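Beneath this line is the structure, given in structure tokens, with notes to follow.
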Number of protein chains: 2
Amino acid sequence: MATKFSRQRQAIWDFIKDRTDHPTAEAVYLGVKSACPNISLGTVYRNLMLMRDTGMIRTVEVGDGVIHFDPNTTDHNHFICTNCGKVIDIDGGDVEAIKQEAAAHFTGRIQGYSAYFYGLCPDCTKSAATKTTE
Amino acid sequence: MATKFSRQRQAIWDFIKDRTDHPTAEAVYLGVKSACPNISLGTVYRNLMLMRDTGMIRTVEVGDGVIHFDPNTTDHNHFICTNCGKVIDIDGGDVEAIKQEAAAHFTGRIQGYSAYFYGLCPDCTKSAATKTTE
DNA sequence: ATAATAACAGTAATCGTTACTGATTAAGAG
DNA sequence: CTCTTAATCAGTAACGATTACTGTTATTAT
Ligand SMILES: [Mn+2]
Ligand SMILES: [Mn+2]
Ligand SMILES: [Zn+2]
Ligand SMILES: [Zn+2]
């Protein structure tokens with residue numbers, strides 16, 4: 001009889017649960033405005049962090065100074081476009097193998113792991129190509 | 001005839017050039033105080049960022065909300081202790097192999113890469129062991 | 001030594017995030 | 001269906017790391 005499922009929390013969950021684009025708190029806030037017109041940014045942060053702490057979602061920090069949120073809690077890597085900033089999943093990589101590789105060169109005990117790959121995303125690669133040809 | 005090498009910049013470089021502990025700007029600021037008693041934190045930031053932009057050092061963002069600085073600009077991975085926060089180099093891993101592995105599962109062009117491993121560092125593993133035995 | 005300007009110290013501003021506070025409201029009990 | 005109460009809220013203030021501004025200082029070339 002502890003946790004109440006408020007309308008705001010439900011709206012935030014509905015918004016993020018199927019996302020694959022790793023929105024920021026600000027983006028969630030804007031996206032949830034239609035369902036909850038006067039929700040506050042603090043409420044969005046509080047709920048997102050609570051969802052992280054209870055394992056419903058995970059946070060992704062890609063180095064742009066902003067926290068991104070990800071409903072996909074399975075082990076996977078991320079690609080960040082240096083041109084447009086998009087954060088894209090890299091599925092199917094052998095995460096365990098990478099962990100083993102690093103463990104072989106370190107004396108401590110490795111528990112978690114997160115990797116970020118940088119470069120031009122498919123979209124930006126395409127527009128860079130059209131720009132050079134014209 | 002553009003860049004002047006100030007006493008402050010020299011002191012910052014002398015402080016960081018052989019470090020392997022990935023100090024923050026605040027730590028560099030404190031460490032450089034003996035050589036430059038009234039240097040300002042802004043000067044430390046400006047110079048560290050300038051050194052990064054010119055490739056003398058690199059920045060390391062491990063997810064603790066603070067930028068760490070690293071004079072080792074060669075490709076290498078990092079380990080972050082979840083207990084004490086230390087940032088430790090993992091040398092000798094096959095960085096290229098990891099990049100290839102990820103590239104195989106992604107359609108964009110991967111240029112850079114950085115990985116962070118989390119767990120208990122050797123020191124904290126040791127003290128955790130003594131605590132359980134006593 | 002002098003001039004030109006890169007770089008400085010000090011301080012104010014920015015921005016993402018967190019903490020506080022009095023008002024709502026979801027959910028279990030009767 | 002009320003009633004109670006504690007979880008959650010909206011609004012706003014505070015926070016901490018980083019960046020920007022401004023008038024002064026000091027490095028470098030002449
Ligand atoms: Mn993801
Ligand atoms: Mn390093
Ligand atoms: Zn892109
Ligand atoms: Zn440790």
Side-chain angles (χ1 to χ4, degrees), chain A residues 1-16 21-54 56-70 80 85-87 116, chain B residues 1-16 21-54 56-70 80 85-87 116:
Chain A
M1 65 169 181
T3 174
K4 290 181 190 172
F5 219 81
S6 68
R7 199 166 42 82
Q8 292 85 342
R9 186 169 302 162
Q10 183 66 56
I12 291 169
W13 176 244
D14 287 345
F15 177 84
I16 204 170
D21 63 344
H22 312 86
T24 63
E26 181 77 23
V28 174
Y29 174 60
L30 295 173
V32 137
K33 273 267 181 74
S34 50
C36 293
N38 52 357
I39 195 171
S40 80
L41 185 54
T43 295
V44 173
Y45 270 107
R46 181 165 18 84
N47 280 289
L48 288 172
M49 290 311 193
L50 179 148
M51 289 178 194
R52 179 194 54 182
D53 294 344
T54 57
M56 299 171 71
I57 64 178
R58 68 143 107 175
T59 51
V60 183
E61 297 178 60
V62 302
D64 60 357
V66 191
I67 302 174
H68 296 253
F69 298 87
D70 189 348
I80 298 102
K86 271 205 289 277
V87 181
Y116 304 101
Chain B
M1 65 167 182
T3 175
K4 291 180 189 174
F5 218 82
S6 68
R7 198 166 43 81
Q8 291 87 339
R9 184 167 303 163
Q10 183 67 55
I12 291 170
W13 176 244
D14 288 345
F15 177 84
I16 205 171
D21 63 345
H22 312 85
T24 63
E26 182 76 24
V28 173
Y29 174 60
L30 295 173
V32 135
K33 272 265 181 76
S34 51
C36 293
N38 53 357
I39 194 171
S40 81
L41 185 54
T43 295
V44 173
Y45 271 105
R46 181 165 16 83
N47 279 289
L48 287 172
M49 291 311 194
L50 179 147
M51 288 176 194
R52 179 195 55 181
D53 294 344
T54 57
M56 298 171 72
I57 65 179
R58 69 143 108 174
T59 52
V60 184
E61 295 177 61
V62 302
D64 61 355
V66 192
I67 302 174
H68 296 254
F69 297 89
D70 189 348
I80 298 102
K86 271 205 288 277
V87 181
Y116 303 101

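Every chain is numbered from 1 and lettered A, B, ... according to where its sequence line falls, protein lines coming before strand lines. Computation of the quantities below employed the complete heavy-atom set of this structure, encompassing side-chain atoms and omitting hydrogens, waters and symmetry-equivalent molecules. As the structure is a prediction and not an experimental result, all values here were calculated from the model.
Side-chain atoms of B:T59 and B:F69, non-hydrogen and from C-beta on, do get closer than 4.5 Å to each other.
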Contact letters for nucleotides 9-15 of chain C, in which S counts primed atoms plus P, OP1 and OP2 and B counts the base, heavy atoms under 4.0 Å: BB-----

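Here the nucleotide nearest the side chain of B:K4, chosen from C:dA7, C:dT17, C:dA27, is C:dA7. In the set C:dT17, D:dA7, D:dA17, D:dA17 carries the atom at the smallest distance from any side-chain atom of B:V66. In this structure, of C:dC8, D:dT28, D:dT8, it is C:dC8 that holds the atom nearest to the side chain of B:S6.
Between the side chain of A:R9 and the backbone N or O of A:K4 there is at least one donor-acceptor pair closer than 3.5 Å. Panel note: side chain A:H22, backbone A:H68; no donor-acceptor pair is recorded below 3.5 Å. Under the 3.5 Å distance criterion, the side-chain polar atoms of A:Y116 are matched with a main-chain donor or acceptor of A:E61.
As judged by a 4.0 angstrom heavy-atom cut-off over every strand, B:R9 is placed among residues touching the sugar-phosphate backbone only.
Between the C1' atom of C:dT18 and the CD atom of A:E26 lies a distance of 15 Å, rounded to the nearest Å. Per the geometry, NZ belonging to A:K33 stands 13 Å off C1' belonging to D:dG11, to the nearest Å. The nearest whole Å value for the distance from the CG atom in A:D53 to the C1' atom in C:dT17 is 14 Å. Remark: P of C:dC8 and CG of B:L48 are 11 Å apart, rounded to the nearest angstrom. Distance, A:Q10 CD to C:dT25 P: 17 Å, rounded to whole Å. Separating the CD1 atom of B:I67 from the P atom of D:dG16 is a distance of 17 Å, rounded to the nearest angstrom. Residue A:Y45 contributes atom OH, which lies 14 Å from atom C1' of D:dG16 at whole-angstrom precision. Between B:Y29 atom OH and D:dA17 atom P there is a gap of 13 Å when expressed in whole angstrom units.
Between B:G65 and A:N47, the residue anchored nearer the 5' end of DNA chain D, judged by the nucleotide with its closest heavy atom, is A:N47. If you find the closest nucleotide of DNA chain D to B:F5 and to B:A25, the one lying nearer the 5' end belongs to B:A25.
The CZ atom of A:R46 sits 11.0 Å away from atom CG of A:L41, with the distance rounded to the nearest 0.5 Å. To the nearest 0.5 Å, atoms CG (A:L48) and CD1 (A:I57) are separated by 5.0 Å. Expressed to the nearest 0.5 Å, how far CD of A:Q8 lies from SG of A:C36 amounts to 5.0 Å.
Residue A:T3 places at least one side-chain N or O closer than 4.0 Å to OP1 or OP2 of D:dT8.
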